[in-house]
Amino acid sequence: MQDGNQLVESEQRFRSLFDNNPDCVIFQNKASTILDANPASLRLLNRRKEELLGRPLSDFLPPDKILLFQEKLEEAFTGRKVQFEVEVQFLGTPHPRVLDIVKVPLWVDGRVAGVHMMGRDITDMAISQATVLQQSKKLNTIFESITDAFFLLDKQWRFTSVNSEVERLLGVNRHDLLGRTVWQVFNKEVTQQFYQQYQQAMITGEAVHFETFFEPRQLWVDVKAFPSEEGLSVYFSDVTDKVKAHQELYHQNKDLQQFAYIVSHNFRAPLANMLGLVELLTSLDKHQPQYDELLSHLRISTEQLDSVMRDMNTILTIRDKQEVAMPEQVPLAEVIEQVLQNLQEMLQQCGAEVRLAVPPELRVRGNRAYLYSIFFNLLSNSIKYRAEDRPLLVELSAESSKTEPGIRIEVADNGLGFDVERAGSDVFKLYKRFHSRPDGRGLGLYLVKNHVEAMGGRIEVSSEVNIGTRFIVYLV
Amino acid sequence: MHIVLIDDDSTSIFLMRLLLQRENFAETITTFQSATEALRFLEHAVPEQRPQVILLDLNMPVMSGWDFLDSINGQASELLENCRVYILTSSLAYTDKLRAEENPFVTRLIHKPLDKAELAAIKAEAAG
């Protein structure tokens, strides 16, 4: 009795499950005939129960789906559970539905007595999945089509999205970035530079905008970073050209200012003298003793004005040529020998000694005329500013630099020297002089620095009053 | 009257001296081609050797006209008591003019070349 009760209960339970199941359940035999169908399946097929029972499922299927259902049914009758997804519009229903179908064999006495087909309507889910897919495609198209480089970082600083402009600008492959943290991808110097800004954005929740130099690729980048729930979206673009143009403009402006200064002073100094001299000359009798002296001063002033004009010409010519000067491998010793020959007379007159330590095979990449001018001006200065009480000694040496690639040249004398601290940044400036002696114009070192820099090198100076001056030139 | 000229340019000195002589501007004219020397002179001068007028050039090597004024301001401003300092420069730069106006020692900035009219004005100012 108890067993009977249990059986009844179990049957009722099954019935309830069958009838109230929100998924459709249809029981078929081997011939595909529908033996039972639950209410959900009636709704799905839009039929009454008596229309379905005793008829094959194929009666309600569109022709192109009959074979599929038949095959899956046969497969289930081999004893396997079968699952598949299909979009189907049952005959007499208004819309196609997407169904996730499971066919489960029912075993009775060691053989398959029938198959339960359970279908879950996943149409809505499929639609939303398609929408998500479409959205992500759209988003991807936007990421790829914006001209900015763009990447996303999650809260753990991992790259979660990277567009192709990032790959192009940074010279990276997105597969090497995705899933890895910024620390794993870039070195410490780079991350430190960006980290502070990004950190600020993350902490304050406010966007940051900054411009910085990306060393590994020699790029100036303009960066905007927006914090969000997921992490940080970062946009950046290459502004190297813009920054370079700015710098160029700044330098041009500086040059112009310097030129204005030269015009206001160095042109005007001899000119003011000429004005004064002419004024006096016109009011002076030819036979007065000062007349000849006035004339000779007028000549000096006129010549001074001429040399300023010539200097301007020299400077402007160098500036124009700087970009076209083709570098060549210049034998250093040969150029120095040439300079010494041309200064021989002056060197002999003041009893100077020049000690040379320049390997004959040493060559530098540069312009021969510049190198000549560099050594000519440095040696001329040594002669000009020698100490009266001791014979001039110039030591000139060159060697491959030990501390950096390239060549290190040293020109040291035992002359008057000058107060380096006082001269400060003026040492290499145009028309700046550091000795009371009137023989210098303040052009030589300006030219030297210009030449050295035009060849990609740099120059350093140290000096001590009444001990001497030492110039060190680094060239590549 | 004692006037001191400080200018590294020999032509400029020659010109000023000639003009001063022609105008009988002063009994004593002392000239220096470096501001360092001029400063040394002033530091060692007894009161009766001190000038009443200084004409000072700006653009000079080692010690410029401005450096000269700064040195005096720093250590020995009494040296310039009863003395008028005129900056005499070929510079037309406006910044120099402004700087001259701000300097308490400087009476005025004069553009080169110096002429009779300017000398007359200086004389009147020096007389008091």
Side-chain angles (χ1 to χ4, degrees), chain A residues 257-258 260-281 283-285 288-305 308 385 416-419 422-424 426-427 429 431-442 465, chain B residues 5-23 25 31-41 55 57-68 70-71 87-99 109-119:
Chain A
Q257 276 175 4
Q258 196 174 39
Y261 172 81
I262 291 163
V263 169
S264 106
H265 199 274
N266 294 78
F267 275 112
R268 178 128 162 99
L271 204 60
N273 281 343
M274 287 161 79
L275 286 170
L277 290 163
V278 169
E279 178 66 29
L280 275 174
L281 273 171
S283 65
L284 209 66
D285 188 87
Q288 274 188 285
Q290 298 104 333
Y291 194 84
D292 286 345
E293 208 178 339
L294 270 168
L295 267 187
S296 93
H297 275 287
L298 185 58
R299 176 187 297 278
I300 294 170
S301 297
T302 314
E303 281 168 1
Q304 280 172 349
L305 188 59
V308 177
Y385 304 113
L416 291 172
F418 62 92
D419 190 337
R422 185 157 193 167
D426 282 349
V427 180
K429 281 197 183 145
Y431 290 129
K432 291 286 183 186
R433 294 175 297 143
F434 308 98
H435 298 92
S436 296
R437 290 190 183 182
D439 15 9
R441 287 213 303 283
V465 175
Chain B
L5 311 179
I6 307 169
D7 197 325
D8 65 318
D9 178 12
S10 58
T11 298
S12 196
I13 293 266
F14 166 79
L15 199 57
M16 286 190 284
R17 185 191 279 279
L18 202 61
L19 194 67
L20 291 167
Q21 284 167 348
R22 276 174 57 117
E23 300 299 315
F25 185 87
T31 65
F32 296 98
Q33 273 188 260
S34 98
T36 328
E37 284 170 36
L39 188 62
R40 203 175 305 141
F41 165 80
L55 301 186
D57 183 28
L58 285 181
N59 190 37
M60 293 180 283
V62 184
M63 182 184 268
S64 73
W66 297 124
D67 295 338
F68 173 82
D70 288 345
S71 294
I87 283 172
L88 189 60
T89 176
S90 57
S91 163
L92 299 178
Y94 187 62
T95 47
D96 284 335
K97 196 172 164 57
L98 281 182
R99 207 168 155 188
L109 180 141
I110 301 166
H111 293 299
K112 287 182 185 176
L114 192 61
D115 59 22
K116 274 195 249 180
E118 280 291 358
L119 273 186

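Every chain is numbered from 1 and lettered A, B, ... according to where its sequence line falls, protein lines coming before strand lines.
- With a 4.5 angstrom heavy-atom cutoff, B:Met16 does not touch chain A via any of its atoms.
- Of the two parts of A:Ser283, the backbone and the side chain both hold a non-hydrogen atom closer than 4.5 Å to a non-hydrogen atom of chain B.
- Residue contact with chain A, scored on non-hydrogen atoms closer than 4.5 Å, involves the side chain of B:Asp9 exclusively.
- Heavy atoms of A:Leu277 lying under 4.5 Å from chain B belong to its backbone as well as its side chain.
- For the atom pair CG of B:Asp8 and NE2 of A:His435, the computed distance is 14.0 Å after rounding to the nearest 0.5 Å.
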Stepwise side-chain contact (heavy atoms from CB on, under 4.5 Å) test for A:Glu293 and B:Leu18: CA-CA 11 Å; A:Glu293 208 178 339; B:Leu18 202 61; over 6 Å; no
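- Between the side chain of A:Arg268 and the main chain of B:Thr89, no donor-acceptor pair closer than 3.5 Å is present.
- To the nearest 0.5 Å, atom OG1 of residue B:Thr11 and atom CG of residue A:Asn273 are 5.5 Å apart.
- A:Leu275 and B:Pro113 make their closest contact through CB-CG, 3.7 Å (heavy atoms, listed as atom of the first residue, atom of the second, distance).
- Within a 6.0 Å radius of CZ in B:Arg22, more than 12 heavy atoms belonging to other residues, nucleotides or ligands are found.
- Crowding of A:Glu279 atom CD: a count of heavy atoms from other residues, nucleotides or ligands under 6.0 Å not exceeding 12.
- Separation of atoms NE2 (A:His297) and OG (B:Ser12) is listed at 10.5 Å; rounding is to 0.5 Å.
- Here the closest non-hydrogen pair linking A:Leu294 and B:Phe14 is CD2-CE2, 3.6 Å.
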